[in-house]
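Quick notes on the structure that follows.
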Amino acid sequence: MKVLLVEDDRALSDALCEALGEAGLLMERAENGGEADFLVRTEAYDAVILDLGLPDGDGSRWLADWREDGIELPVLVLTARTRWADKAAGFSAGADDYVTKPFETAEVLFRLRALVRRTHGHAHPVLRIGELAFDTHSGSVTLAGRPISLTAQESRLLAYLAHAAPRVVSRSELAEHVYDRDHEPDSNVIDVQVSRLRRKLGAARIETLRGQGYRLVDTDGAP
Ligand code: CA
């Protein structure tokens, strides 16, 4: 999951990036609305964490512009303000959820995961593709009830495929969502990592569609 954090408070931004990074999220950041606006329009993110009090204008103004232009990615608003009117402004601009400062970083993480899951049309926190189960809350993976150990990168790759399933995901889409923009790999690297995942999960579980990409499939006989 790749997330853009828009926050001008450097200490808060550092702390949040560290905590969410440790939880396996790929974090990129912007310190003002202009920078965020450029990134949201040019990069692929799974969600945005948006502070409302930014040096170049209220975060809700930037958000309203994105929604106006059809940018649909989930946005979690951060605000130091507890006044109802500010939350209302965030929601009317198109926010999906909010957290009031000060907050527990775990709460931000839990809300982000739920938002991303919902965006992909999943209500249950555990995504199941046949006997393969990916717990979006804990990040744990099991195959027929047995725990499977994955590296952070393998876990991000599987998480993206599991959220998207049964949709086919192209290599370029994977590269954008699973690697940060300074380290986007060539397609060989993705193929190698998919091969490693196949060794752990069973080769047939990740189908390659020539010229299109990959998808997770149910190989366990369910109709
Ligand atoms: Ca601020």
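Order of listing sets the numbers, starting from 1, for every ligand and every atom in it.
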Which N, O or S atom name in D8 marks its closest approach to the Ca ion (ligand 1)? OD1
Drop me the distance from S172's OG to H177's NE2, to the nearest 0.5 angstrom. 9.0 Å
Considering just N/O/S atoms, say which atom of D51 is closest to the Ca ion (ligand 1). OD2
Is it true that some N/O/S atom of G53, main chain or side chain, lies under 3.0 Å from the Ca ion (ligand 1)? yes
Is any NZ, NE, NH1 or NH2 atom of the basic residue among R171 and D191 found under 4.0 Å from an Asp or Glu carboxylate oxygen of the other? yes
Heavy-atom neighbours of R167 CZ exceed 12 at 6.0 Å: yes
Is it the case that over 12 heavy atoms from other parts of the model lie below 6.0 angstrom from the OH atom of Y98? no
So, D9 and the Ca ion (ligand 1): N/O/S under 3.0 Å, yes or no? no
